[in-house]
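Working notes, beginning with the structure itself.
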Amino acid sequence: VTSAVVERGIERCGGLLYRAVETVEASCGALFMVDAEGAISVLAHTNDAHGDLLALMEQAAARTAEANRPVRMEYPSSTATGRAGSIRVCLGTPVFVDSEMVGALVVTDPASPGMSAGVVMDRVTSVLALLGLSVERLRMIDALEQRESEIGTLRQQLDVYAMDFRSTYRAERDRSQELSSALAELEKTYRATVRGLAIAVEAKDECTGGHLQRVTRYGMMLTELVAPEHTGDPQFEYGFLLHDVGKLTVPDAVLRKPGALCDEEWELIRAHPISGFSILDGIPFLAGAREIVYCHHERWDGTGYPQGLAGDQIPLGAQIFPLCDAFDAMTSDRPYRKALSIEDALAEVRHGAGSQFWPTAVEAFLSIPVATLESVLAESHGGLQ
Ligand SMILES: [Fe+2]
Ligand SMILES: [Fe+2]
């Protein structure tokens, strides 16, 4: 639609241009549009106005736009632009609409060579008025098209941004999926490592069938009750599972000795929390578990080992754990005695509140239904798999 309108506008300008050229009996004529920034572009010209001649006329138009009034320019004629030996005269006349210059009409070599640009303007006044309207219209269309193309460019840029954004988002999403699956893989590796270590401990200490699995269950249950913020904390779970990892360094002859132990042998046994602490040294993912391993033989009243810590000096996991360890030892058969009943073992646990065990943990442990404790005891006699 626009281009048809433009074509008609330019045609009309061409017609008016010929009228002006005839009116002053000029040799050639051209009409230029002047945009809001003062840039010049040719709208129409007579048939023989082209090449160097059109370039000269464009110069005259630019001069007219700059001066904002009629301008007369003379160029020494070259063979290319005019009759040999003569002077080429260009007369530029502004085309106004409401005193704004929208175009420039340039004619060359009028019939009377001395004619001034002002005279040209006077003689073509009515043509200039009509040209003004036509040029103004073309200028508006031009501005509109420019806006449209600007909007088109903006839209294209937006499309590019949107595409960039989508591909960045997709890449980030893929990356985070990769990361989380790598993390899950790592977590699995950690678990397998801890399990492997725990199985080694269990194999070493033959009489503990299922002990590690059960104390870990009790420990996690109790943690949920007295330290809910650590519910499911893998450091607690790993610490409970690995509490006796230090026993790996105690000779079998001592660990499995049926009779009473001498002082030296006791020293070896009592060193297992320290050995466990060293075994887990330099394993960042077991840093929290290592604290529990180190302190799992501390007592609430400060008479435990290896450091003799008391009460809140003992790391939280190791405040929770000892009564689980003791309860399971009491409810398991040992070579030298039969297992206690759950009720008797609970009575012993109650008895240890404040001396061996953290009173709050004792109270919480006693609140666990006996049926729950029975089911833990029943399900895990096979040991770790
Ligand atoms: Fe131990
Ligand atoms: Fe134990």
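We use all heavy atoms of the structure for the numbers below, so side chains are in, but hydrogens, waters and symmetry mates are not. Both counts, for ligands and for their atoms, begin at 1 and track the order of listing.
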Arg191/Glu237 salt bridge by N-O under 4.0 Å criterion
yes
Tell me whether Glu363 at atom CD has more than 12 heavy atoms from other residues, nucleotides or ligands lying less than 6.0 Å away.
no
By salt bridge (Lys or Arg N to Asp or Glu O under 4.0 Å), which residues pair with Asp301, not counting sequence neighbours?
Arg299
Please report the closest heavy-atom contact between Pro273 and Tyr294, naming both atoms and the distance.
CB-O, 3.5 Å
If you leave out waters, which protein N, O or S atoms are less than 2.8 Å from the Fe ion (ligand 2)?
His211 NE2, His243 NE2, Asp325 OD1
By side chain to side chain donor-acceptor pair (under 3.5 Å) - contacts of Thr231 (at least two apart):
none
Of all residues at least two apart in sequence or in a different chain, which pass the side chain to side chain donor-acceptor pair (under 3.5 Å) check with Asn68?
none
